[in-house]
Structures are given as structure tokens and as C-alpha cells.
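The chains referred to below are lettered A, B, ... by the order of the sequence lines, with proteins before strands, and numbering in each begins at 1.
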Protein chains: 2
Amino acid sequence: MTLNKDTFTGEYQYSLDSKGRVNIPAKFRQSLSKKNQNTFVATRGQDPCIWVYPISEWKKIEDELRNLSSVSGVHRTFIRQIARSATPSTCDKQGRITISPSLISYAQLDKDALILGMINKIEIWNPSTLDKVDKKNINNDINELNALADKIVI
Amino acid sequence: MTLNKDTFTGEYQYSLDSKGRVNIPAKFRQSLSKKNQNTFVATRGQDPCIWVYPISEWKKIEDELRNLSSVSGVHRTFIRQIARSATPSTCDKQGRITISPSLISYAQLDKDALILGMINKIEIWNPSTLDKVDKKNINNDINELNALADKIVI
DNA sequence: GATAATTACCCACAATTCACCACAATCTTA
DNA sequence: TAAGATTGTGGTGAATTGTGGGTAATTATC
């Protein structure tokens, strides 16, 4: 038994260069290169960070959105939020992807980019933003956090 | 009848070398090598130590995380806490795994590494930290400890 | 249509990581 | 008890990885 190829774990600190490129951890690249053409889709996260999906995961989201009725205004806004910032991009020969300026400003990325494996997707953070968000969640919901740990950690 | 192959017991004192490698007790390796899965996933323990899961156990956790909805901020923080420090690694030819720097500092590992079999997983401790934590737990919860013993020890 | 600006693609290099080898200490077995 | 096998620890060289920059191709602007 081996690890699921599409499972992302670990944290990596890289730099965002002057052209808006970030490295994708080699371990993440390997997972994908065999199946597809190491292609990712980057979009706005629910938190102030960037979510990067491998193409297989993104297709699932795309299908869900496709099935959403466009009658409701909320639905349309929801679709807009995700779709308008979704940008497919492939790794260059050095294993980097280029982040669009609008995503960079959304995640408030500066020189340092912290990359987190989040099981089925990848997150790109400004390290200081991440600290604040997690600290806030922990303070507000320590009980639920402990309940989750009780249930899942073995 | 033999012991369950995935059951880890015993304690072993090894050294953490300058490259962050620790030996995995031969007995633990044997348990897993037959199925060709001498692969482990190391992550933060609930205590200040490292938890090392055989791949089969880790998959259970991974599946739980995958099924958690990403709508709630606490959920995302929870996934982050576990996933970001999770590092899969396989034994090298000498039977060692490499521990990531962030896990080393989390467990405050120095030169000595104490490895404990914990039934379904392995713990890696700085010996002096373990003493303190266990002593504290015993002082705080001696009653519950005795109750557990009453219930389980036969 | 010519020029400027942006983007995509490629190369180079330093630093790190990984796979392998060697060896001493311990344990097994005959 | 002796010989062989196994186990724990250190180190070395080759391959990989992360980062910066340069040139060609593409797009945009006037």
C-alpha cells in the first residue's frame, strides 16, 4: 500500500520572485506528473490565501458549479467568486507556477510564500497572515477543535 | 497465534544524527516489511513528541480529513494543524527515517531520541520531556488513571 | 504596421537532499 | 566458543531542487 498520489502534506517556505513565480514542492509535482501534464488551477481560498488544485480535483468543483442553478442570485455570486479568479497554469521546467497579480494581492503575498499541503489541495499563504487566522480560529472555537481531535486523531 | 503485525510495543533509545535521521527499531520494521510497506508518516503528536504512523493507520486519518467539509474555518485550521507537519518517509537501507526540521523543533529533540511503541503508532520523544509530561499527567489525574486500570487491566 | 510591454521558455548555478558504502557493536546459531 | 548474520551510526559523492536571470515569442498600444 502506498500513499494516495493526490495527497498533499507538509509545509514549505519559498520565495515569490519579481515575476510572480512560486516554486511547487518537488514532492507535489511528482504526484501529478505521471497522470497529467502537471497542471494546476489556482483560485481564491475561503481564507485570505490561494488554493491550488490539481486538475483532477478541480474538475470535481467545476462539475458541482456546472450543476448549480443560475436562477438564484446567491448562486451566481458564488460561481463568480470562484470562477473569476480561477487560473490554470502549468509548472515551468524548474517546477514553478506563475501567480496572477489579482491573486497575489488577494493573499497579500510579499516576498515569502508559505506552501501547505492540505490533503486534496495546496494553500499558498503570507506566513504572517496564516498565523493570525489560525490563532483566531483556535481562540474562538477551541472546543470544536478538541472535539474534532477526539473524533479523528487515533 | 502471533501478535498482530501492526502492533508496536517496547522502548528503544537511539541517537538523532546530524542529518535528522533516527533509527526505526528492527522489530517495527519487520512488522511492516513483509507487506512491502516500510513507509511511515510522521506528524505532530498531541503531546510535544512525534507520532509516526504506519501507512495503513495514516490512511484512516487521511480519509477522515478528506471528508471534512472546508466550509468551516475551524475545520480548515484543524486540517492544517495535522496536514502541515505530516511527512511521509520510507526507511533507508539502514532502517532509518529522516525527521523534518520543524518536527525536530516541535518535539525539542536533541541528540537522544526515545522511541516508544504505542500499539497502533510510534512515538519519538526527547527523554527529558517525556518524564515531565507523564509526571504531570499522573499528578493531575491519578484518579482517572486508576479508573482506567480498573477497567482495562485483567 | 511599428514599437513597447508583457509573457513564456530556457539556461546556469548554488545548496540541499538522497542513495549508497563502510564499519563497529551486538546478537544468533552451530 | 567461534563464525556468521544482523543492527545501529557515521560519512561521501551523485543527483535533485530552488532561485535568479536572459532571450525569444506573443500581445498590446499608438
Side-chain angles (χ1 to χ4, degrees), chain A residues 2-3 8-34 37-42 52 85-105 109-117 122 124-127, chain B residues 8-34 36 38-42 52 85-105 109-117 122 124-127:
Chain A
T2 62
L3 254 188
F8 305 104
T9 62
E11 70 181 302
Y12 307 83
Q13 181 131 14
Y14 296 133
S15 59
L16 184 77
D17 71 15
S18 56
K19 295 181 187 174
R21 297 176 296 187
V22 242
N23 197 51
I24 296 293
K27 288 185 183 170
F28 294 175
R29 279 179 258 151
Q30 288 167 353
S31 316
L32 302 162
S33 55
K34 285 163 193 167
Q37 323 71 1
N38 58 359
T39 302
F40 298 89
V41 176
V52 183
S85 61
T87 46
S89 63
T90 62
C91 290
D92 65 18
K93 237 178 184 174
Q94 278 61 37
R96 295 169 291 193
I97 59 172
T98 303
I99 310 288
S100 71
S102 82
L103 282 177
I104 288 179
S105 79
L109 287 187
D110 195 25
K111 196 164 175 357
D112 294 320
L114 187 65
I115 300 196
L116 301 184
I122 302 164
I124 304 179
W125 285 86
N126 177 326
Chain B
F8 305 105
T9 61
E11 72 178 299
Y12 307 83
Q13 180 130 12
Y14 296 132
S15 60
L16 183 78
D17 72 15
S18 57
K19 295 185 192 167
R21 296 177 295 189
V22 242
N23 198 51
I24 295 294
K27 287 187 182 170
F28 293 176
R29 279 179 257 152
Q30 287 167 354
S31 315
L32 302 163
S33 59
K34 284 165 191 165
N36 260 338
N38 57 346
T39 303
F40 298 88
V41 176
V52 184
S85 63
T87 46
S89 64
T90 62
C91 292
D92 65 16
K93 244 180 181 172
Q94 280 61 35
R96 296 168 291 192
I97 60 172
T98 302
I99 310 289
S100 71
S102 79
L103 282 177
I104 289 179
S105 79
L109 286 186
D110 196 25
K111 196 165 176 357
D112 295 320
L114 187 65
I115 300 197
L116 303 183
I122 302 164
I124 304 179
W125 285 86
N126 177 326

> Reading nucleotides 9-25 of chain D from the 5' end, what letters show protein touch, with B for base, S for backbone sugar-phosphate only, - for no heavy atom under 4.0 Å?
Replying inline: BBBB----SSBBBB---

>> Are A/F40 and A/F28 an aromatic pair, judged by ring center distance below 6.0 Å?
In response: no

>> Let's go through A/R96 and A/Y14 carefully: what are the C-alpha distance in whole Å and the side-chain angles of both, what is the deciding distance for side chain to side chain contact (heavy atoms under 4.5 Å, CB included) to 0.1 Å, and is it a yes or a no?
In response: CA-CA 11 Å; A/R96 295 169 291 193; A/Y14 296 133; over 6 Å; no

> Under 3.5 Å, is there a donor-acceptor pair between the side chain of A/T9 and the main chain of B/A86?
Replying inline: yes

> How would you list, by chain and number, every residue that makes a side-chain contact (heavy atoms from CB on, under 4.5 Å) with B/D110, sequence neighbours excluded?
Replying inline: B/N126

> Which comes earlier along DNA chain C counting from the 5' end, the contact point of A/P101 or that of A/K93, where each point is its nearest nucleotide?
Replying inline: A/P101

>> One pair to check against side chain to side chain contact (heavy atoms under 4.5 Å, CB included): A/S89 and A/I97. What are the steps and the verdict?
In response: CA-CA 6 Å; A/S89 63; A/I97 59 172; 3.7 Å; yes

>> Run B/L114 and B/E11 through side chain to side chain contact (heavy atoms under 4.5 Å, CB included) and show every step you take.
In response: CA-CA 7 Å; B/L114 187 65; B/E11 72 178 299; 3.8 Å; yes

>> Minimum heavy-atom separation for B/G20 and B/I104, please, with both atom names.
In response: CA-CD1, 4.0 Å

> For the residue pair A/Q13 and A/P127, what are the closest heavy atoms and their distance?
Replying inline: NE2-CG, 3.8 Å

> Through what angle, rounded to 10 degrees, does the axis of the helix from C/dG1-D/dC30 to C/dA30-D/dT1 turn between its ends, using five pairs per end?
Replying inline: 40°

